[in-house]
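Here the structure is laid out as structure tokens; the discussion comes afterwards.
Naming convention: chains lettered A, B, ... in sequence-line order (proteins, then strands); numbering from 1 in each chain.
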Amino acid sequence: MAETAHVHEGTLRRIHDEPLCATLEEREHLDACARCQEASSRVRDDAERVGALLAQERVEPDVTAALRAVRARLDQAPGRLGVLGRRRAGRAFSGWTARRWRRTPLVAAGVAVAFVAGTAGAAAAGWLTIFEARQVHGVAIAPADLSGLPDLSAFGRVTGIRGAAPHQVPTVADAERESGLHLSIPQQLPAGVSRDAVTYLVVDHSTGSFTFEAQQAARWAADHGQALPSMPRGLDGSTIGVEVGPGMAAIYGGDVPLPAGGRSGEGRDDQALPALVIGAVHAPAVHSSGAGLGTIEDYLLHLPGVPPSLAAQIRAIGDPASTLPIPIPAVNGHDVVVQGVHGVAVGDETGVGSILIWERGSVVYGAAGSLPLSRLVALADALR
Amino acid sequence: MATMSAGEARPSALGASSGADEAFDRLFLDEYPRLVRLAHRLLGDRAEAEDVAQEVFLSFHARHPATSPQARGWLRTAAVHTALNRVRSRQRRARREERHARLEEPLRRGQDGMRDPERVLEQREEWALLHAALTRLRRRQAAVLLLRHSGFSYAETAAALGVRVGQVGTMVRRAEQALRREVGDG
């Protein structure tokens with residue numbers, strides 16, 4: 001028998017599909033080693049069984065007709081897909097989201113840190129790696145520090161969230177069909193919340209990206225008299241991107257945040273806040289053009305304005321590739337358990353307002369309303 | 001070149017009017033059938049598989065040039081994940097429908113009506129079990145299984161998943177063991 005180590009099962013699996021990949025040594029060992037032959041047999045058995053499970057008849061699509069259809073959609077929907085249209089859509093949606101974010105620092109910071117830390121985690125496996133947050137994790141931050149978080153556009157090129165504007169649909173079934181999500185609606189609404197005053201919104205798949213630019217960062221540092229960490233080799237010019245959605249929400253009462261027309265209260269000081277909002281969104285998918293987790297995280301967390309305590313909390317997260325950090329105010333932020341999973345909440349028992357975020361099965365859920373936090377948690381817990 | 005209306009077939013391969021269009025068309029003609037088959041393997045529905053493949057190409061067009069070296073990997077990975085999302089949506093929809101009308105659901109696809117209804121139900125149950133098992137796997141495991149069993153080479157699978165070729169065999173092996181366990185077969 002050849003004096004070589006046993007052949008690894010991964011190699012045996014590949015040899016089953018691509019026999020020519022075996023080296024001469026591996027081939028000789030396999031011919032002589034009963035143990036590896038048994039392993040090879042098990043590997044083949046599993047491969048064939050799974051092949052049978054996944055077997056499908058071969059389909060031959062009409063490619064020319066399909067290309068014609070796609071070309072037609074590209075031509076007919078330049079507002080969504082053409083270059084200029086993308087910019088318009090980006091402006092429309094990013095304007096809406098930016099205004100919303102200014103009013104909801106938790107969401108703004110959550111997205112920002114998710115973008116920073118979550119993206120960094122997902123980047124570990126390279127370009128097009130899909131980041132799947134499997135849990136949310138609260139990181140405490142003082143309100144004063146929140147406004148001091150760095151504006152990413154100072155350190156590179158940000159492509160704002162790009163996607164269709166949220167739109168209203170008639171029924172929850174329509175929202176579910178369009179978003180591909182299932183959102184349980186409370187059987188019993190809190191006192192003062194009318195079942196009739198509900199609006200369903202859908203937000204389509206949206207994207208954003210950030211490209212590191214060393215020159216821009218250096219200009220910002222010179223203008224502001226700040227010292228920056230040196231941008232590691234390979235980071236300059238590399239891009240990280242995040243995709244979110246689709247998502248849906250049921251909004252009870254208040255002015256619905258549509259970007260234009262409808263019942264929009266956008267831009268008005270007397271805008272009525274909804275009494276209750278329940279929403280769900282497919283967890284972010286994140287891509288990187290190549291920079292690694294450690295490189296990105298280390299650089300971003302050393303940027304001026306990132307509080308050391310926040311950086312330490314993010315670094316302490318055990319599994320950054322599957323944990324979505326949500327900044328919560330140090331004063332009234334809480335870790336909670338919702339539907340048996342870890343969640344993050346902001347609020348108290350005064351009933352002025354509470355926000356709750358949790359994740360199950362690659363879907364991030366949220367609930368907010370003018371309710372004591374314990375009642376909001378109980379309401380969310382019952383949405384199963 | 002004459003101005004063309006929306007949806008009008010263009011000259012070569014429908015029409016590329018620029019280098020970028022030509023590159024996109026070439027990529028589409030080459031890759032579309034493979035994406036359809038990839039999605040069909042998971043969805044079992046040709047129309048839905050084509051819908052997934054077209055959605056992925058539209059999404060790709062909005063983000064990347066067709067000449068991008070990562071184009072094919074991006075498309076394949078996106079097709080897998082879009083198809084998996086559809087399966088998850090189906091499962092949720094099916095659970096709701098089942099609560100309301102367990103056996104009243106019509107046999108939706110035309111060809112089903114020509115088959116033995118018991119066999120059709122049996123096949124649906126098998127599909128449901130397989131889909132449930134696949135969605136319990138880690139996404140990366142489901143992706144590697146679909147790519148490999150759709151005929152993509154180890155090099156192509158590695159490129160799509162952003163890993164080294166040498167890792168793919170181990171990933172496939174572990175994913176196959178996990179799937180067999182999940183379907184109660186291993």
Side-chain angles (χ1 to χ4, degrees), chain A residues 8-18 21 43 46-47 49-51 53-61 63-64 66-77 80-82 86 125-130 132 162 176-177 179-182 205 207 209 241 282 285 287-289 361-362, chain B residues 4-7 9-10 13-15 25 28-29 32-33 36-37 40-41 44 46 49-50 53-54 57-59 61-63 70 73-74 77 81 85-86 88-89 92-93 96 130 139-140 145-146 148-149 153-154 160-163 166-173 176-177 179-180 183 185-186:
Chain A
H8 190 273
E9 285 204 348
T11 307
L12 291 173
R13 180 63 188 86
R14 188 176 177 198
I15 290 172
H16 174 67
D17 287 327
E18 298 180 349
C21 78
V43 166
D46 283 341
R49 177 66 186 135
V50 170
L53 284 171
L54 295 172
Q56 273 291 352
E57 62 188 16
R58 183 182 171 88
V59 291
E60 295 292 348
V63 187
T64 309
L67 178 55
R68 188 179 289 117
V70 165
R71 278 276 172 218
R73 286 176 66 183
L74 290 170
D75 288 342
Q76 285 169 353
R80 184 177 179 193
L81 295 162
R86 280 206 302 274
W127 177 248
L128 289 179
T129 296
I130 300 301
E132 283 191 282
R162 234 174 23 199
E176 290 185 336
R177 181 175 45 75
S179 66
L181 293 161
H182 170 59
H205 175 263
T207 64
S209 69
H282 288 287
H287 315 302
S288 165
S289 66
S362 296
Chain B
M4 289 170 293
S5 60
R10 305 179 187 201
L14 299 209
D25 286 1
F28 189 97
L29 293 170
Y32 180 78
V36 171
R37 286 182 204 121
H40 183 251
R41 189 166 300 277
R46 176 179 172 153
E50 292 218 37
Q54 291 183 23
F57 264 104
L58 288 166
S59 180
H61 185 274
R63 292 179 181 79
Q70 288 90 11
W74 191 100
T77 307
H81 288 287
N85 286 342
R86 296 248 180 154
R88 288 202 164 100
S89 300
R92 286 188 284 265
R93 198 163 50 238
R96 287 200 303 279
L130 176 62
R139 276 218 166 205
R140 213 167 171 75
L145 282 182
L146 287 168
R148 178 76 280 280
H149 285 276
S153 70
Y154 280 63
L161 297 176
V163 299
Q167 294 175 260
V168 175
T170 303
M171 291 171 70
V172 172
R173 172 71 185 138
E176 286 173 344
Q177 288 176 305
L179 183 65
R180 288 199 70 174
V183 298
D185 188 37

> Looking only at heavy atoms, what is the nearest atom pair of His149(B) and Ala47(A), with distance?
Replying inline: CE1-O, 3.5 Å
> Who are the side chain to side chain contact (heavy atoms under 4.5 Å, CB included) partners of Thr170(B), not counting sequence neighbours?
Replying inline: His8(A), Arg174(B)
> So which part of His40(B) gets closer than 4.5 Å to some heavy atom of chain A, the side chain, the backbone, both or neither?
Replying inline: both
> How far does CZ of Arg68(A) sit from CG of Asp25(B), to the nearest 0.5 angstrom?
Replying inline: 11.5 Å
>> Less than 4.5 Å apart, side chain to side chain, heavy atoms only: is that true for Asp46(A) and Arg173(B)?
In response: yes
> What are the two closest heavy atoms between Glu50(B) and Pro61(A), and how far apart are they?
Replying inline: OE2-CB, 3.6 Å
> Judged by atom type as modelled, is there a donor-acceptor pair below 3.5 Å linking the side chain of Arg46(B) to the main-chain atoms of Glu60(A)?
Replying inline: yes
> Taking all non-hydrogen atoms of both residues, which atom of Leu130(B) and which atom of Leu54(A) are closest, and how far apart?
Replying inline: CD2-CD2, 4.1 Å
>> Tell me which of these, Gln56(A), Glu18(A), Glu57(A), Arg58(A), has more heavy-atom pairs under 4.5 Å with chain B than the rest.
In response: Gln56(A)
> Quick one: ring-ring contact (aromatic ring centres under 6.0 Å, His included) partners of Tyr32(B), sequence neighbours excluded?
Replying inline: Phe28(B)
> Does a side-chain heavy-atom distance below 4.5 Å link Tyr154(B) with Arg13(A)?
Replying inline: yes
>> Tell me if a side-chain donor or acceptor on Gln54(B) pairs with a main-chain N or O of Ala69(A) at a distance below 3.5 Å.
In response: no
>> Just so I know, are the side chains of Arg49(A) and Leu179(B) near enough to count as touching, which here means a heavy-atom distance under 4.5 Å?
In response: no
>> I'd like to know which of Gly51(A), Ala66(A), Ser179(A) tops the heavy-atom pair count under 4.5 Å against chain B.
In response: Ala66(A)
